[in-house]
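Here is how names work: the chains are called A, B, and so on, in the same order as the sequence lines, proteins then strands, and each is numbered from 1.
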Amino acid sequence: MTQVRYDPEIVEQKWQARWQAGNDFAVSVDLDKKKCYVLEMFPYPSGNIHMGHVRNYSIGDVVARCKRMQGFNVLHPMGWDAFGLPAENAAIKNHTHPVKWTYANIDAMRTQMQRLGYSYDWSREIATCRPEYYRWEQMFFLRLLQNDLVYRKKSPQNWCPSCHTVLANEQVIDGFCWRCESRVEQKDLVQWFLKITAYGDELLDDLSLLENGWPARVLAMQRNWIGKSIGATVMFGLAEEHADAGIDVFTTRPDTLFGVTFMTLAPEHPLVERLITGYEKADEVRAFVKRIRNMDRINRQSDTLEKEGIFTGAYAVHPFTGERVPLWLGNFVIADYGSGAVMGVPAHDQRDFDFARKYNLPVRVVICPEGKSLEADGMDEAFTGEGIMVNSGPFNGLRNEEGKKAVADALAAGGRGSASTQFRLKDWNISRQRYWGAPIPVVYCDRCGVVPEKEENLPVLLPLDAKIGDDGRSPLTELSSFVGCDCPRCGGRARRETDTMDTFVESSWYFARYTDARNASAPFSQDALEYWLPVDQYIGGVEHAILHLLYSRFFTRVLRNMGFFPKDLSEPFTNLLTQGMVLKDGAKMSKSKGNVVDPTEMINKYGADAVRLFCLFAAPPERDFDWSDAGIEGAFRFLGRVWRLFVEEKARFLPLGACGAGDADVQSEQAAELRRKEHLTVKKVSEDMGGRFQFNTAIAAVMELVNAMYLVRERLGMDEADRRVFSSAMATALTLLSPIAPHICEELWERLGHSVPLFNQPWPDWDQSAAASKMLTIALQVNGKLRGSLEIQAEADKAALEQAALADPAVKRHTEHLTIHRVIVVPGKLVNIVAG
RNA sequence: GCCCGGGUGGUGGAACUGGUAGACACAAGGGACUUAAAAUCCCUCGGCGGAAACGCUGUGCGGGUUCAAGUCCCGCCUCGGGCACCA
């Protein structure tokens, strides 16, 4: 205990051991206390924490510690998103088993995390690869099936040839796999889908509930991704020999329906073969279809791709005019958006205009700008603005915006369509052709077909005796002890589904499991959910802005509607903070670039407190920041400064010294100034940490307080009143800094004679009058330019300020030859003299 | 093309609802202590001019509103991110 120099290793080990032994951050439901659920996105157990983790969890820990001191019952858990591909890849590479690799990594990472002193309730730790966890997920799957929210469908899917599995749309980035960056191919497969589109409207509309709690850009990204378009579906009949069939078309411009001069179908459209049968150029059309279908997604969707089309020889019938409309195929029409067919209105859509010019199709104007006429022949681009409807039969003369509704209504009345909405969002493919995941609990029976497993038979265990081959293919398909099973319906022999679930299913509900993590008879108890949910503050990287956050919002609604979640719960995460990346030399840290900064190395050198401090001080949390070795040195130096001040000034400290204990009537000006600084600092840090999450400025404020203490300590007396002020400032500095650098603060707190730990101390209050200064510095301006300043009593009124300002020599000098027109006095701030 | 963010010293970044631009740090330079180094402490630090007092100028660019603009309005430039032949 006579340690004089600041040695973080000794201090940090001591306090970490105490927190662990005392289980100090374990919480339980306490209806008398207000709760606060602080959550950081759980990590994939790769085996090593990186600076991004450190930043993420340090932010969360400051919030959790702060809320705890503010009297909240704080749930702050940690766990492992433990299923997924890297475990399989590592297993292949190192000739081990994913289960061994994963659990070893979890142990290693937990140890690393504990060295950072995070205040987690480790008794709630979860790992999604444990049967105790995924059995509930399998149960949810069965319930979703009962509720018609899961279905099986064969369709072209995104296939990653290197991961040997399909990917959800959200996992394809610019045509490449989100994990391994291989080029994604299309492959026809039968897969399981969750009907997220059934919640499209709700997921979109409820974003308004998050407007105050989520970053605008995340909301915008979700809005974009859901991609709602409002318009109408028009049912076109077909002409002549195809009259028994019809083609639906979605359009956002029903007001231009009379301007349709052709129609374009996707080459994949199911009617194509029927339409061209008997057409003399059918073979040319088939060749076109084949050529387009063979193009990969990237070329097909590139914006430089030339628009191409071919006539099918068939015609549709216009629902109002009865005119024949030629049916074309187009390489730009997307098969799985809308109905895979587009009506061509060249006069009012630029792409259709280009297409019509290229293939010599007629252009018909049906909207005119108000007060003008428009001739198809003279146009060199489409007119897409607002105007008055013409050449549109009964709708002539309507404003086109009114026409949208009028046409949709008329379509509906005639049974030829209706107003409708389209989403860009597609249903979520959750099947993965991989081993290391939660088995999908269904079986295939020759007699009964697709049969869900019985709930009492859950979990369907992922067999741990599977041998992982070198080719990366799932060993489950070859494992007869897994595949072979009894049909839950007829009892006969059946085959088990060998696909596993997308790991994003696990992370869609993990936040709820933490509320009751050891429950063996249910996924969670209602009491725990009612008390803890929703998550009050969620913190994680912006890379999950769409994937994980959208899926979790979807799951929350589904689980609520199925009766698992509280009835009034819609949004799982009330507030979201998306932290920026930690860069090195301006680039993302990566092994291949060799610019990785290892947190463990930094902790060894400077201690966890300095690492945490620097991560929070370097930039506001949502911004990217560049790791700087000089910066961490600076953080470490500051902690050393704090240490020295407290060790050296211990004698000045009064045993009863507490935050805000300084007397209001202290005699010395230095003491009064320090007391003011103390209260101002509490105000600033409380606002910055509690509301705005500007930890960088909160830290700056504490630094200022510490600097002020260094400045006055020589000049301060040892009389009781002065000592009380200094003691109070010491207590306040430690308290305010403790969420950020908890170890050193606890240690100094104890050395000052406290027996109660600091982490449970109440957050200090500030006193408005104590923070106020007796003298103020008032800026003096002439015509808005700063010309001097004025020291004056705080209570001086406007007249006094004006008088003092006009008497100021600098002001006099600048107004010498001018006439004073006006004097603007902003009490407490400035006086501006308008002269000319 | 549409939708979100940004642009402030050598660097990271401050500046709450318009009110003294550059807090707090880092780096740099100078000094003190030391046999020396480390550590620590003190001073300087947007640009131009000046010995100084002080003056001019300055928050991507151009306008505007205002007594007063980094902050508000209009028009641009530029960087980052999301969506995109979406019908």
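Nucleic acid contact class of A/Phe617 (heavy atoms, under 4.0 Å, all strands): base. Heavy atoms of A/Gln694 sit under 4.0 angstrom from primed sugar atoms or phosphate atoms, though from no base atom. Among the atoms of the strands shown, only primed sugar atoms or phosphate atoms (P, OP1, OP2) are found under 4.0 Å from some heavy atom of A/Asn696. Note on A/Pro620: only backbone sugar-phosphate atoms sit closer than 4.0 angstrom, heavy atoms only; bases stay farther off. Residue contacts shown for A/Arg644 are limited to sugar-phosphate atoms, with no base heavy atom under 4.0 Å away. No engagement by A/Phe625 is indicated, since no non-hydrogen atom pair under 4.0 Å with the nucleic acid exists. Residue contacts for A/Ser229: at a heavy-atom cut-off of 4.0 Å it reaches the sugar-phosphate backbone alone, with no base atom in range. Note on A/Thr252: only backbone sugar-phosphate atoms sit closer than 4.0 angstrom, heavy atoms only; bases stay farther off. In this structure, A/Thr777 reaches the bases: a heavy-atom distance under 4.0 Å links it to at least one base atom across the strands shown. Here A/Val823 lies out of heavy-atom contact (under 4.0 Å) with every strand. Residue-level contact check: A/Val342 touches the bases, meaning some heavy atom is under 4.0 Å from a base atom. Within 4.0 Å (heavy atoms only), A/Asp626 reaches no atom of the nucleic acid at all. Backbone-only engagement by A/His814 is indicated by non-hydrogen atom pairs under 4.0 Å involving sugar-phosphate atoms exclusively.
Taking atom P on both B/rG13 and B/rG6, the two are 13 Å apart, rounded to the nearest angstrom. Atom name P, nucleotides B/rU35 and B/rG22: the rounded distance is 42 Å, in whole Å. Between B/rG9 and B/rU71, the distance separating the two P atoms is 15 Å to the nearest Å. Comparing the P positions of B/rG46 and B/rA21 gives an interatomic distance of 14 Å, to the nearest angstrom. Here, B/rC67 and B/rG29 have their C1' atoms 42 Å apart, quoted to the whole Å.
One interatomic measurement links the two molecules: CG of A/Leu616 to P of B/rA25, which rounds to 17 Å at whole-angstrom precision. Nucleotide B/rG5 holds its C1' atom 7 Å from the CZ atom of A/Arg217, rounded to whole Å. In this structure, A/Arg623 places its CZ atom 14 Å from C1' of B/rC79, rounding to the nearest Å. In this structure, the CZ atom of A/Arg713 is 11 Å from the C1' atom of B/rC41, given to the nearest Å. The OH atom of A/Tyr710 sits 14 Å away from the C1' atom of B/rC42 (whole-angstrom rounding). Look at CD on A/Gln222: it is 14 Å from C1' on B/rC3, rounded to the nearest Å. Atom C1' of nucleotide B/rC86 and atom NZ of A/Lys307 are separated by 13 Å, given to the nearest angstrom. Rounded to whole Å, atom C1' of B/rA87 lies 15 Å from atom CG of A/Leu327.
OP1 or OP2 of B/rC41 has at least one side-chain nitrogen or oxygen of A/Arg641 nearer than 4.0 Å. Applying the 4.0 Å criterion to OP1 and OP2 of B/rA84, one finds that A/Arg223 has every side-chain N and O outside that range. Look at A/Asn224 and you won't find any side-chain N or O under 4.0 angstrom from OP1 or OP2 of B/rC86. The phosphate of B/rU57 (OP1 or OP2) has a side-chain N or O of A/Lys785 nearer than 4.0 angstrom. Between A/Arg787 and the phosphate of B/rC56, there is a side-chain N or O to OP1/OP2 separation shorter than 4.0 Å. Look at A/Arg424 and you won't find any side-chain N or O under 4.0 angstrom from OP1 or OP2 of B/rC86.
Under the 3.5 Å distance criterion, with hydrogens and angles disregarded, no donor-acceptor pair is assigned to the side chains of A/Arg822 and A/Asn832. Side-chain contact check for A/Trp214 and A/Asn212: no donor-acceptor pair (N or O, by modelled atom type) lies under 3.5 Å. For the residue pair A/Glu170 and A/Trp225, a side-chain donor N or O sits within less than 3.5 Å of a side-chain acceptor on the partner.
B/rU11 and B/rA25 make up a base pair, with Watson-Crick or G-U wobble contacts both under 3.5 Å. Summarising the base pairing, B/rC2 is matched to B/rG82 through a Watson-Crick or G-U wobble pair whose two defining distances lie under 3.5 Å. Under the Watson-Crick and G-U wobble criteria, each requiring two contacts below 3.5 Å, nucleotide B/rG75 is paired to B/rC61. The partner of B/rG18, taking Watson-Crick or G-U wobble pairs whose two distances both stay under 3.5 Å, does not exist in any strand shown. When both pairing distances are held under 3.5 Å, B/rC41 makes a Watson-Crick or G-U pair with B/rG31.
In summary, A/Glu687 and A/Lys683 engage in a salt bridge, as defined by a charged side-chain N under 4.0 Å from a carboxylate O. A/Arg715 has no carboxylate O lying under 4.0 Å from a charged side-chain N of A/Glu673, or vice versa, which leaves the two without a salt bridge. With salt bridges taken as basic N to acidic carboxylate O contacts below 4.0 Å, none links A/Glu816 and A/Arg813.
Taking 90° from 0 as the syn/anti boundary, the base of B/rG10 is oriented anti.
With the nearest nucleotide of RNA chain B identified for both A/Met703 and A/Asp349, A/Met703 has the one nearer the 5' end. Mapping A/Ala220 and A/Ile833 onto RNA chain B via the closest heavy atom, the residue that lands nearer the 5' end is A/Ala220.
In plain terms, the two heavy atoms of A/Asp352 and A/Met343 that are nearest each other are OD2-O, 3.4 Å. Contact record, A/Glu704 with A/Lys677: OE1-NZ, 3.0 Å, taken as the closest heavy-atom pair.
Of the candidates B/rU20, B/rA15, B/rC67, B/rC67 carries the atom nearest the A/Arg822 side chain, counting heavy atoms from C-beta on.
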